[in-house]
Amino acid sequence: MTNLQIQDSIYGKTGADIDAALYGLSNRYVAEHPAQPYVYRAFNREGIQRAEDFRYRFNLDERFPEAQPGQHSYAWGKVWSDVSDAELQWSVTAYCPLEIFVNGRSIYRSLPHEENERQTKGCGSVLGQGWNDVVLKFTKTRAGFGGAFGTSNTKWVIYHSVIASEEREGQEGWLFSEPTQQPLPVEQLPKAGQSEIGNSLNWHPRLGWQAEEQAVSPFSRLFGAGAGRTGFAWTRLHHPAVGGGCRIKGVAASAITVFIDGQQVYHADQPGEFDVPIDLSFGEHSLIIKQTAASEWGVDAAIWSGDRIVPFSSPIEVKGGFGNWLYLGPFAENHIPEIGQLNELYRVFEDGEQGTYWRIDAPGTWIRPYMEAALFGKWNYPLGVTLYGLLEAGRKLKRNELVRYVSDHVGQSTSWYAYMKWDQRQYGAPGILHPIAHIDSLDDCGSFGSIMLEALKDHGELPGAERLAHEIGRYMAQVQEKLPDGAFYREHPHGANTLWADDLYMAVPFLCRYYQLTGDESYVTEAAKQFLLYKKYLFMPKSGMMSHVFDFKQRLATEVPWGRGNGWVLFSLSELLAVLPEEHNLRGELLGMFQALSASYLAYQSEEGLWRQVIDEMDAYLETSCTAMFIYAYSRGVRSGWLPDVSAFAESAYRAWEGLTRHSIDAKGNLYGVCRGSGYSFSSHYYKYDLHTQLNDTHGIGIVLLAGVEMHRLLVWLKENGDDELIQE
């Protein structure tokens, strides 16, 4: 069972009412995961950076070439946990003796053979809720000095360290100390909030400017000598008065143009003082100064409201940032961006070289976005189907705010894609959109790529979406691993040399929508071929169902009919049949496959209306996500004329929907009974007893919403076609 008491279920309050379930599930999800932008943090390029595997590289040999064997260097940061008693797993490679402390407790110490052979090891620590101190202690030897430390899961658990010192708390990265002869006692290890100044360790990267740098303007110290080049400074102000005039006063070392809220309010080609009247309404305003350097550059400016100076503040919140201005440049004349582009924070600005982005007035310190929301703005395959369900629910309920929520989530991902690739080139590993930084599997791109193209139909335009769709299409056509017969399979370490039923969902819906986008029938033909190839490897004739995985190392299918794996198959086949041309030469065979699988699953529906985690084993628990996918496929199959026994499949779908409302959805919109993300096994015991359910798991929310929408369409269709016996609403 799904552990939901009937009296607490949404059925107990509203019966099997479809709209009530759609409202409950979607409202709870959006309330718990509101739309929010990425978090901006300052980052010092002179500090420790991450490599392509998202682990930090402590290259202390390069940074301290004069260090002597036996000396110690410390790295100091902190990591966040939303909950208490959460275990975080790390991956460690030690180039020298390395000890790791979390909240003052030693959790790892490298062994000599690990250091000598540069072995990568795992370690973990239980974190407290909130910020947790992390200190790494490296001890120099003749063989090395430093190591690598970071996530053990480069697709799903990407964490970043945050500088913990009082002076630059909130910047991403680490402080690291100059080598010292004497190790610190454990009780003297640095802790969050302490000053990095005036203690026994000298910390890097450098905190402030040298005296000679302080003597020149921010433009000069950030951009150097700039004759003929252009830079921008951006700030924000709050005008506290209603009505009344203001003045902007200051002095400029060269030509400037001043913009308020994107409108030019002052321009001068020559250096000198300025005093200009301006009209400001009450509230927030953006101020941008554009300056083109001559022999020197720099500007001082202030806005006066009456006899008071209006204070400036940073135009965006930058954690760990200094000062009230952001800076962009320098640009040659043929690369100067338009003023309206400057607040498009997803934009990398072309400068004729590597491109550039906003920075602050501190040594080597740039602004970077980071993914810190639990779900909004993330790109992963369960979210692809979650957002698909929210989109279809929004369409069905005529709730434009739900449709907009989906397009905002998808649009945030697509618009930042170009920036992410630039960020990756600059810093080794990006802070956002990790799964598509290195697309090496169908999981990375197909599911979310599919909802991206579906959302594009409503929105008309999502910045970067079509470009990214073409990259995914190219990946599937030219890069994704294929067997000699053309079947997609997995070659990378997660399930190496295997073929998974899941991957029909990871590929086919995207290929179908990409066919609709491009008009190129080869993509929908590829989707059709994949189904027949997967059938060759995974279909089990005795049961009429699909095995979860074929393992080419063992040359065997697992022969376990995992519920969600079979659900992905039937769900995706319904997506394919909906767009495959009627005259396509493979349509008849695929339609037969849909009918045969549907009939096989029908025989295993439980008395409660749900299907089981392992479909044909009675001791397996009732599972929500596969049940929802069978509802979706059966409802669609009946409406579309793919299933000849209308009564049997319509009744099955309705009983399953009622079962979900009784056993899987509570009155507050929580979803129960969804199997967590899986590996694979040749034993059904793994699926039944090791793969537990998770409350409100994104593997299930979207597909239950989709099931409700399709159930509604089926009921409308049945009414229109005069079959009232099955209508129980």
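Small disclaimer: the values here were computed from a predicted structure and weren't measured.
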- Is it true that Arg41 and Glu372 have a side-chain N and a carboxylate O under 4.0 angstrom from each other? yes
- Please round to the nearest 0.5 Å and tell me the distance separating atom CG of Leu60 and atom CD1 of Ile48. 6.0 Å
- Between Arg247 and Trp304, is there a donor-acceptor pair closer than 3.5 Å when you use the side chain of the first and the backbone of the second? no
- Note on the structure: Tightest non-hydrogen contact, residues Arg308 and Pro240, listed as NH2-CG, 3.8 Å
- Query: Within the distance-only criterion (no hydrogens, no angle test), does the side chain of Lys421 pair as donor or acceptor with the backbone N or O of Tyr417 below 3.5 angstrom?
  - Reply: no
- Item | Close side-chain approach of Ser91 and Arg55, heavy atoms under 4.5 Å | yes
- So, Tyr405 versus His33, ring centres under 6.0 angstrom or not? no
- Please report the shortest heavy-atom distance between His239 and Ser305, naming the atom on each side. NE2-OG, 3.3 Å
- Message: Between Trp422 and Gln354 (side chain of the first, backbone of the second, donor and acceptor by atom type, cut-off under 3.5 Å), is there such a pair?
- Response: yes
- Message: Using a 3.5 Å distance criterion without hydrogens, assess whether the side chain of Gln68 forms a donor-acceptor pair with backbone atoms of Glu66.
- Response: yes
- Query: With under 30° as parallel and over 60° as perpendicular, where do the rings of Trp416 and Tyr357 fit, or are they tilted in between?
  - Reply: perpendicular
- Message: My understanding is that only one of Ile303, Ile289, Ile288, Asn324 makes a side-chain contact (heavy atoms from CB on, under 4.5 Å) with Thr235; could you say which?
- Response: Asn324
- Message: Could you measure the distance from the CG atom of Leu222 to the CD1 atom of Ile360? Nearest 0.5 Å is fine.
- Response: 9.5 Å
- Message: Is it the case that the side chains of Gln89 and Ser152 hold a donor-acceptor pair, with the cut-off being a distance below 3.5 Å and no angle test?
- Response: no
- Item | Straight-line distance of Trp90 CH2 to Leu136 CG, nearest 0.5 Å | 9.0 Å
- Message: Would you say Gln210 and Glu212 are linked by a side-chain donor-acceptor pair, where the criterion is simply a distance under 3.5 Å?
- Response: no
- Message: Please check this pair: side chain of Thr365 against backbone of Pro363, looking for a donor-acceptor N/O pair closer than 3.5 Å.
- Response: yes
- Query: Can you tell me how far CH2 of Trp358 sits from CG of Leu328, rounded to the nearest 0.5 angstrom?
  - Reply: 4.5 Å
- Message: Is any side-chain heavy atom of Gln694 closer than 4.5 Å to one of His699?
- Response: no
- Query: With no hydrogens and no angle check, is any side-chain donor or acceptor of Arg347 less than 3.5 Å from a backbone partner on Asn343?
  - Reply: no
- Task: Return yes if some donor-acceptor pair links the side-chain N/O of Asp697 with the main-chain N/O of Thr693 below 3.5 Å, else return no.
- Result: no
- Query: Taking Tyr74 for the side chain and Leu184 for the main chain, is one N or O donor matched with an acceptor at less than 3.5 Å?
  - Reply: yes
- Message: By the ring-ring contact (aromatic ring centres under 6.0 Å, His included) test, which pairs, at least two apart or in different chains, include something from residues 91-134?
- Response: Trp80-Trp131
- Message: Does either side chain, that of Thr139 or that of His72, offer a donor lying less than 3.5 Å from an acceptor on the other one?
- Response: yes
- Any side-chain donor paired with an acceptor under 3.5 Å for His160 and Tyr56? no
- Message: Counting the benzene-type ring for Trp, do Phe219 and Tyr327 have ring centres under 6.0 Å apart?
- Response: yes
- Query: Shortest non-hydrogen contact from Arg676 to Asp690?
  - Reply: NH2-O, 3.2 Å
- Query: If you measure only the distance, is there a donor-acceptor pair under 3.5 Å linking the side chains of Glu296 and Ser254?
  - Reply: no
- Are a donor atom and an acceptor atom from the side chains of Trp234 and Ser286 found within less than 3.5 Å of each other? yes
- Hey, are His438 and Gln424 close enough side-chain-wise for a donor-acceptor pair under 3.5 Å? yes
- Under 3.5 Å, is there a donor-acceptor pair between the Asp423 and Tyr427 side chains? no
- Output all residues satisfying side chain to side chain contact (heavy atoms under 4.5 Å, CB included) with Glu353, sequence neighbours left out; order by chain, then residue number. Asp351
- Query: Looking only at heavy atoms, what is the nearest atom pair of Arg221 and Gln214, with distance?
  - Reply: NH1-O, 3.6 Å
- Message: Please determine whether ring-ring contact (aromatic ring centres under 6.0 Å, His included) holds for the pair Phe176 and Phe58, giving the CA-CA distance in whole Å, both sets of side-chain angles, and the decisive distance to 0.1 Å.
- Response: CA-CA 9 Å; Phe176 58 100; Phe58 295 88; 7.9 Å; no
- Hey, is the main chain of Gly431 close enough, under 3.5 Å, to the side chain of His434 for a donor-acceptor pair? yes
